[in-house]
**Q** 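Structure provided below as structure tokens; questions to follow.
Letters go in sequence order (proteins before strands), and every chain restarts at 1.
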Amino acid sequence: MAGLRRSHGCGELRPEDKDREVTLMGWVHRRRDHGGLIFIDLRDRSGLVQVVCDPEAGAAFQKAEGIRSEYVVAVTGRVRLRPQGTVNPKLPTGAVEVAARQLRLLNRAKTPPFYIEDDIDVDEALRLRYRYLDLRRPEMQRIMQLRYRTTRAIRAFLDRRGFWEMETPMLTRSTPEGARDFLVPSRLRAGEFFALPQSPQLFKQILMVAGMERYFQIVRCFRDEDLRADRQPEFTQLDIEMSFVQRDDILSLVEELMAAVFQETLGVEMALPLPRLTYQEAIARYGSDKPDLRFGLEIVDVSDLVRGCGFKVFAGAVAGGGVVRGLCAPGCADFSRRELDELTHFAGQYGARGLAWMAITTEGVRSPIAKFFSPQELEDLVTRMGGRQGDLLLFVAGTAAVAATALGALRLELGRRLHLYDEDRLAFTWVTEFPLLEYSPEEKRYVAVHHPFTMPVEADWPLLDSEPLKVRAQAYDLVLNGVELGGGSIRIHRRDIQEKMFSLLGFTPAEAREKFGFLLEAFEYGTPPHGGIAFGLDRMVMLMARRETIRDCIAFPKTQSGTCLLTAAPSPVTPEQLLELHLKITARPAGKAGGAGEA
RNA sequence: GGAGCCGUGGUGUAGUGGUCUAACAUGUCGGCCUGUCACGCCGAAGAUCGCGGGUUCAACUCCCGUCGGCUCCGCCA
């Protein structure tokens with residue numbers, strides 16, 4: 001390396017650089033050896049450029065003969081326009097090439113186990129094991145850059161709005177409610193544990209008590225639950241909290257934040273304000289609290305129309321307090337028996353006992369259940385559903401919850417199958433007025449839908465005693481294309497309401513003090529009204545980068561079984577380490593018969 | 001905790017009970033080649049078919065288990 005200094009990025013060179021003497025450093029993407037002439041595609045973070053090694057270059061040519069893929073080299077040479085007819089329009093640098101004068105091998109490389117290029121078709125496990133090679137691929141580098149530009153835009157925006165970025169502890173206290181904690185044993189206090197934060201929730205509220213007024217943090221959070229394409233045990237949140245605000249202050253701040261971020265990173269102009277749906281509306285119309293608004297295909301309630309009809313499944317569902325709801329699948333009247341069976345099976349996975357269908361054909365309604373309805377009833381159904389000739393009506397009868405879940409899932413499935421939406425669209429929506437509580441049959445008590453510090457809607461305070469399940473929360477989610485991007489709430493800052501909330505959740509005052517005492521004590525010293533929100537940054541980047549999984553947006557993600565294939569974590573530790581931590585392993589390590597542990 | 005899909009040279013696939021002494025592409029290695037850019041041409045090496053057990057005269061192929069990866073349900077305030 002002595003004396004050599006990189007002058008340009010490979011991808012930067014253009015015809016304007018003609019005759020310039022440049023020094024490039026990067027990886028050998030490909031070598032094309034024509035015997036008397038060797039081409040090297042040299043790649044770095046900025047892109048790719050063709051280097052030409054001519055026998056006249058002497059030593060450089062000889063070295064080029066020994067070069068292999070992914071070797072790290074430095075090239076010094078002159079930029080020149082490519083000869084007529086050899087321009088490569090597929091490359092941004094395709095009009096130029098670098099005539100190598102000097103070539104220096106900086107490092108050799110083993111042959112990589114897969115191609116370092118976009119659109120590879122290779123087992124993801126292999127990509128994760130060699131993540132440093134996977135990340136060399138331009139598409140992965142673009143995603144990592146997008147992620148950086150996103151956090152940079154977030155910081156710039158929030159800074160302009162007077163927010164302070166603050167840090168909160170990673171070693172903290174295990175609290176009840178919510179996900180399973182990752183625990184960290186304390187060496188200094190035998191038998192006691194820290195927990196890694198599921199979110200900085202309690203700290204950020206205490207920061208409001210502390211008078212910070214406007215806080216944000218881009219912070220790692222940990223939840224020891226099973227993984228999914230969009231869920232990792234450690235993930236990154238954009239966490240925001242503000243004092244002296246009401247719900248709409250937060251919603252409009254976030255809308256402007258999103259508009260700024262999407263404009264700066266993707267050049268997308270967002271129309272504000274964003275649509276708002278109440279939870280009730282979202283469930284009724286889309287069967288989901290995170291509806292995909294890129295397409296319509298709304299759920300229609302027909303319970304009143306079929307109340308007295310001759311089809312017992314429908315009439316019975318309504319009589320039993322349930323509902324009959326349906327979807328109008330456009331142009332699907334010609335679905336085959338097999339396709340209908342598939343849809344029925346699909347709906348069945350979400351609890352639907354069956355799926356009734358009516359095809360609207362030139363000869364009228366064709367359906368196995370048509371005979372149970374009068375012509376007038378059929379006409380009313382078709383009208384209510386907005387059905388036109390060639391459409392297929394699909395109905396689910398059951399409880400409101402089952403009908404919503406099954407039809408909501410069916411709606412998404414039909415949207416995919418029928419290509420009802422534009423992949424490029426970004427359909428944001430707020431979902432507001434979530435229920436405050438839900439009943440947990442397992443725990444035989446109410447649990448907080450959002451968290452125990454969420455403020456109920458003021459108009460519903462009287463219902464806290466009489467009908468707690470009807471109380472709405474001042475909680476909100478931001479949804480993009482059917483994915484929950486983030487959620488938050490206005491917090492309880494009044495002691496009487498907080499006590500009420502704890503008692504509804506089944507905590508005695510003593511239990512509440514034991515579990516959240518530090519927070520409740522802080523709240524006694526002058527708590528400002530406050531509220532906030534938190535976003536899943538990985539999901540946000542996933543949607544912006546149009547990926548199917550957040551693993552593609554995290555440099556070093558875990559597999560579905562929660563392991564890291566690169567480092568082979570987690571791993572056993574030495575008996576000495578365990579001893580220091582006052583721990584004794586009682587189970588054998590998973591999948592390793594005869595392992596280190598003892599029963 | 002449950003359901004489903006996948007596992008064959010380095011990589012991606014084909015092969016679904018015997019002719020498999022495992023095929024194809026790509027990569028790798030060697031030779032030739034002065035305008036290629038997924039360079040081309042010639043040649044070579046490279047796989048006990050994830051692992052263990054079973055059925056069978058015979059297993060890459062069927063069965064059971066197990067390991068690993070992925071998708072989903074449960075779970076994720």
**Q** Students often get this wrong, so: under 4.0 angstrom with heavy atoms, is A:D33 touching a base, only sugar-phosphate, or nothing?
**A** base
**Q** Look at A:D17 together with A:R14 and state whether they make a salt bridge at an N to O cut-off of under 4.0 Å.
**A** no
**Q** In whole Å, what is the span from the CD1 atom of A:I116 to the P atom of B:rU28?
**A** 12 Å
**Q** Please tabulate, one pair per line, all N/O donor-acceptor pairs under 3.5 Å involving side-chain atoms of residues 61-69 of chain A, not counting sequence neighbours.
**A**
residue: A:K63; atom: NZ; partner: A:L103; partner atom: O; Å: 2.9
residue: A:R68; atom: NH1; partner: A:E65; partner atom: O; Å: 3.3

**Q** In the strands shown, is B:rU71 matched to any nucleotide by a Watson-Crick or G-U wobble pair with both distances under 3.5 Å, and which?
**A** B:rA3
**Q** Could you tell me how far apart A:K558 (NZ) and B:rC76 (P) are, to the nearest whole angstrom?
**A** 21 Å
**Q** Any N or O donor-acceptor pair linking the side chain of A:R80 to the base of B:rG35 at under 3.5 Å?
**A**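 When only heavy-atom distances are counted, A:R80 does reach the base of B:rG35 through a donor-acceptor pair under 3.5 Å.
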**Q** With heavy atoms under 4.0 Å as the rule, sort A:R180 into base, sugar-phosphate or nothing.
**A**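 Answer is nothing: A:R180 stays at 4.0 Å or more from every strand.
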**Q** Separation of A:Y350 atom OH from B:rG2 atom P, in whole Å?
**A**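 That distance rounds to 20 Å.
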**Q** For B:rA14 and B:rC24, measure between their C1' atoms and round to the nearest Å.
**A**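 The answer is 7 Å between these two C1' atoms.
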**Q** A:E117 near the nucleic acid: base, sugar-phosphate alone, or nothing, with a heavy-atom cut-off under 4.0 Å?
**A** nothing
**Q** Among A:D239, A:T236, A:L478, which one satisfies side chain to side chain contact (heavy atoms under 4.5 Å, CB included) with A:F535?
**A** A:L478
**Q** Select base, sugar-phosphate, or nothing to describe what A:T86 touches, counting heavy atoms under 4.0 Å on all strands.
**A**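 Contact class for A:T86: base.
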**Q** What integer number of Å spans the P atoms of B:rG12 and B:rU28?
**A** 16 Å
**Q** Output yes when at least one side-chain N/O atom of A:K110 is less than 4.0 Å from OP1 or OP2 of B:rU28, else no.
**A** no
**Q** How many Å lie between CD on A:E65 and P on B:rC32, as a whole number?
**A**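 It is 10 Å, rounded to the nearest whole Å.
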**Q** Treating A:T93 as the side-chain partner and A:L48 as the backbone partner, does any N or O pair qualify as donor plus acceptor under 3.5 Å?
**A** yes
**Q** Classify A:R129 by what it touches in the nucleic acid, base, sugar-phosphate, or nothing, heavy-atom distance under 4.0 Å.
**A** nothing
**Q** Counting only side-chain nitrogens and oxygens, does A:T111 get under 4.0 Å of the OP1 or OP2 atom of B:rG10?
**A** no
**Q** Is there a donor on the side chain of A:R228 or the base of B:rC70 sitting less than 3.5 Å from an acceptor on the other?
**A** no
**Q** I'd like to know if A:Q560 reaches the base of B:rG68 with its side chain, counting only an N/O donor and acceptor under 3.5 Å.
**A**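 Per atom types, no contact qualifies.
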**Q** Would you mind classifying the nucleic acid contact of A:V447 as base, sugar-phosphate or nothing, using non-hydrogen atoms under 4.0 angstrom?
**A**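 Nothing, no nucleic acid heavy atom in range.
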**Q** Can you tell which of B:rC33, B:rC76, B:rG35 lies closest to the side chain of A:R231?
**A**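 Among the listed nucleotides, the one closest to the side chain of A:R231 is B:rC76.
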**Q** Can you tell me the Watson-Crick or wobble partner of B:rA38, both distances under 3.5 angstrom?
**A**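 Partner of B:rA38: none found under 3.5 Å.
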**Q** Tell me which nucleotide among B:rU11, B:rG35, B:rC37 gets nearest to the side chain of A:L126.
**A** B:rU11
**Q** Check this for me: does any side-chain nitrogen of one of A:E234 and A:K558 sit under 4.0 Å from a carboxylate oxygen of the other?
**A**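 A salt bridge is present here (some side-chain N lies under 4.0 Å from a carboxylate O).
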**Q** Any donor-acceptor pair under 3.5 Å joining the side chain of A:R31 to the base of B:rC37?
**A**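 Answer no: no donor N or O sits under 3.5 Å from an acceptor.
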**Q** Donor-acceptor pair under 3.5 Å: do we get one between A:R32's side chain and the base of B:rU34?
**A**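 No, the side chain and the base share no sub-3.5 Å donor-acceptor pair.
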**Q** Determine whether the side chains of A:Q217 and A:Y215 contain a donor N or O and an acceptor N or O closer than 3.5 Å.
**A** yes
**Q** A:L227 CG to B:rG74 C1': how many Å, rounded?
**A**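 One finds 14 Å between C1' of B:rG74 and CG of A:L227, rounded.
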**Q** Can a side chain N or O of A:S561 be found less than 4.0 Å away from OP1 or OP2 on B:rG69?
**A** yes
**Q** For A:E548 and B:rG69, give me the distance from atom CD to atom P, rounded to whole Å.
**A**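 Going from CD in A:E548 over to P in B:rG69 covers 20 Å.
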**Q** Could you check whether A:F516 and A:F453 have their ring centres less than 6.0 Å apart?
**A** yes
**Q** Taking A:D118 first and then A:R142, would you say they form a salt bridge - that is, a charged N and a carboxylate O separated by under 4.0 Å?
**A** yes
**Q** Measure from the side chain of A:D121, starting at C-beta and using heavy atoms only, and say which of B:rU13, B:rU36, B:rU34 lies closest.
**A** B:rU13
**Q** The side chain of A:A229 lies closest to which of these nucleotides: B:rC73, B:rU71, B:rC76?
**A**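 My answer, after comparing the listed nucleotides, is B:rU71.
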**Q** Base, sugar-phosphate, or nothing for A:E438, non-hydrogen atoms under 4.0 angstrom?
**A** nothing
**Q** Is any N or O donor-acceptor pair between the side chain of A:D226 and the base of B:rG74 shorter than 3.5 Å?
**A**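 Yes, the side chain and the base share a sub-3.5 Å donor-acceptor pair.
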**Q** With rounding to whole Å, what would you report as the distance between B:rU8 and B:rC49 at their C1' atoms?
**A**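 Nearest-Å result for B:rU8 against B:rC49 at atom C1': 4 Å.
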**Q** Contact class for A:F39 vs. all strands (heavy atom < 4.0 Å): base, sugar-phosphate, or nothing?
**A**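 Base contact.
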**Q** Tell which nucleotide pairs with B:rC62, taking only Watson-Crick or G-U wobble pairs whose two distances are both under 3.5 angstrom.
**A**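 The base-pairing partner of B:rC62, which may sit in any strand shown, is B:rG54.
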**Q** Contact class for A:R68 (heavy atom, under 4.0 Å): base, sugar-phosphate, or nothing?
**A** sugar-phosphate
**Q** Given the P atoms of B:rC6 and B:rA23, what is the spacing between them in whole Å?
**A** 24 Å
**Q** Pairing check on B:rA23: which nucleotide meets the Watson-Crick or G-U wobble criteria with it, both distances under 3.5 Å?
**A** B:rU13
**Q** Stacking between A:H34 and B:rU36, defined as ring centres under 5.5 angstrom apart with planes under 30°, is that present or not?
**A** no
**Q** What's A:N88 touching, base or sugar-phosphate or nothing? Going by heavy atoms closer than 4.0 Å.
**A** base
**Q** Categorize A:I38 for me: base, sugar-phosphate, or nothing, with a 4.0 angstrom heavy-atom threshold over every strand shown.
**A**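 Nothing: the residue A:I38, judged by heavy atoms under 4.0 Å, touches no strand.
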**Q** Are A:H493 and A:F523 close enough that their ring centres sit under 6.0 Å apart?
**A**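 Ring centroids of A:H493 and A:F523 are no less than 6.0 Å from each other.
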**Q** Using whole Å, what does the distance between atom C1' of nucleotide B:rC75 and atom CZ of A:R223 come to?
**A**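 From A:R223 CZ to B:rC75 C1': 12 Å.
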**Q** Using a 4.0 Å heavy-atom cut-off, does A:P113 contact any base of the nucleic acid, only the sugar-phosphate backbone, or nothing at all?
**A** sugar-phosphate
**Q** Rounded to whole angstroms, how far apart are CD on A:E124 and C1' on B:rG12?
**A** 16 Å
